[in-house]
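Computed from a predicted model, the values in this text were never measured in an experiment.
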Amino acid sequence: MHTGELTKRVFHSDIYQGTIRDYWLYIPEQYNPDTAANLMVIQDGLYYLDDQKPMRLPQVIDRLIAKQDIPTTVCVFVNPGVFESPAKPEHHPDSQRSFEYDTLSDQYTRFIVNELLPQALEGLNISQDPDKRATVGFSSGGICAWTMAWYRSDLFGKVLSHCGSFVDIRGGGKYPYLIRNQSAKPIKIFFQSGEQDLNTRYGDWALGNKQMQSALAFKGYEHKFEFGDQGHSLGHGAQVLESSIKWLFTDN
C-alpha cells in the first residue's frame with residue numbers, strides 16, 4: 001500500500017469540449033511545501049494506479065523516495081476524456097483516447113499545461129525545472145508522453161514510454177524522421193518494447209521503437225531503450241519501472 005495521500009477528482013475540459021475525465025493526485029508523505037517537488041504526469045492514469053495491474057506506481061515512488069534514489073515526487077494520474085453526453089453513437093467511452101494521445105499536435109499538451117495542471121497542483125510547490133518533470137504512458141499514452149515533451153521541453157524534460165505507439169495511427173510514425181531533421185531538444189527518455197509487441201495495419205510497434213532508438217542515437221539524445229521478449233503489455237515495463245525512474249531523475 002502507498003503511504004502518501006491519493007485524491008481522485010473529475011475534470012471538465014474546454015480544449016476538449018464535451019469531455020469529462022477522472023484524474024488522481026498523489027502527494028507522497030515526504031512532501032514538504034518548503035521544497036519544490038519533482039512532478040510526474042501519467043497518461044492512462046488508472047493503468048498505473050490499479051492494484052490489480054503490475055505498475056502500482058505510488059508504491060514504487062514511495063520506495064524510491066524512502067531510499068533517497070529520487071527526490072520527493074508528486075504524481076498526477078490522468079485518464080483519457082470521455083464524452084459526457086455522446087452526440088453520436090460512435091462516441092463510445094474509448095473514442096477520445098486515440099484522438100488525444102496519438103495525434104501529432106500540441107493540443108493535448110496545452111490541455112495538460114493550461115487546463116488540468118493549474119487545478120491539480122494548486123497550492124503545491126512543484127519544480128518548474130524540466131529536468132525534474134516527467135511524462136509517462138503506455139502504448140498510445142507512451143507516444144503521448146513523448147509528444148508532451150516534444151512540444152514543451154521547457155516544461156517536461158524526462159519521458160518514460162512503455163510499448164509506445166510510434167507507428168502511423170495519427171501521424172506518430174513521422175517522429176523518427178522529425179527527430180533526425182530538427183535540432184535536438186533537451187529531452188531524456190527511457191522506453192521499452194519487446195519482440196512480441198503489436199504488428200498491425202498501423203505498423204510494427206517493435207520496429208517503430210527501434211527506429212526511435214536509432215533516430216535518438218543519431219541526434220545524440222540521452223536515452224535508454226530496453227527491448228525484451230514480451231508483448232504489448234505492462235509486464236516488462238513493471239519489471240524495470242523502479243530502475244527506469246531512478247535513471248530518469250539521476251544526472252549522468
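A distance of 8.0 Å separates CG of Leu116 from CG of Leu121, quoted to the nearest 0.5 Å. Note that CG of Leu160 and OG1 of Thr135 are 8.5 Å apart. Values are rounded to the nearest 0.5 Å. Note that SG of Cys163 and CD1 of Ile143 are 13.0 Å apart. Values are rounded to the nearest 0.5 Å.
At least one test fails for Lys210 against the ring of Trp205: distance under 6.0 Å to the centre or angle within 45° of the axis. Under a cutoff of 6.0 Å and an axis angle of 45°, Arg133 and Phe156 form a cation-pi pair.
When the salt bridge (Lys or Arg N to Asp or Glu O under 4.0 Å) test is applied to Lys246, the partners found at least two apart in sequence or on another chain are Asp69. The salt bridge (Lys or Arg N to Asp or Glu O under 4.0 Å) test applied to Arg9 returns no partner, not counting sequence neighbours. Checked against side chain to side chain contact (heavy atoms under 4.5 Å, CB included), Asp154 has the following partners two or more places apart in sequence or in another chain: Arg152. Applying the ring-ring contact (aromatic ring centres under 6.0 Å, His included) rule to Phe77 yields no partners; only residues at least two apart in sequence or on another chain are considered. For Phe138, the ring-ring contact (aromatic ring centres under 6.0 Å, His included) test picks out His232, with sequence neighbours left out.
Residue Ile70 forms a side chain to side chain contact (heavy atoms under 4.5 Å, CB included) with just one option from Thr250, Leu248, Ile65, and that option is Ile65. Screening Asp44, Thr103, Asp102 for a side-chain hydrogen bond (donor to acceptor under 3.5 Å, both in side chains) with Ser140, the sole residue that qualifies is Asp102.
Ring orientation note: the planes of Phe111 and Tyr16 are nearly perpendicular, at an angle over 60° on the 30°/60° scale.
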Would you tabulate the side-chain donor-acceptor contacts of residues 223-231 under 3.5 Å, counting partners in other chains and residues two or more places apart, or write 'none'?
from	atom 1	to	atom 2	distance (Å)
His223	ND1	Tyr221	O	2.8
His223	NE2	Gln213	NE2	3.1
Gln230	OE1	His236	N	3.1

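Between Tyr26 and Gly4, the closest heavy-atom pair is OH-N, 2.8 Å. Summarising the geometry of Pro28 relative to Asp62, their closest heavy-atom pair is CB-OD1, 4.5 Å, with the distance given to 0.1 Å.
Comment: Glu100 does not engage Arg170 in a salt bridge, judged by the lack of any side-chain N to carboxylate O separation of less than 4.0 angstrom.
Val113 and Trp150 are not part of a single hydrophobic cluster, where members link through side-chain heavy atoms under 4.5 Å apart. In terms of hydrophobic clustering, with Ile, Leu, Val, Met, Phe, Trp and Tyr side chains grouped at heavy-atom distances under 4.5 Å, Tyr23 and Leu124 are assigned to a common cluster.
Ser139 places no side-chain N or O within donor-acceptor distance of the main-chain N or O of Gly141, the cut-off being under 3.5 Å.
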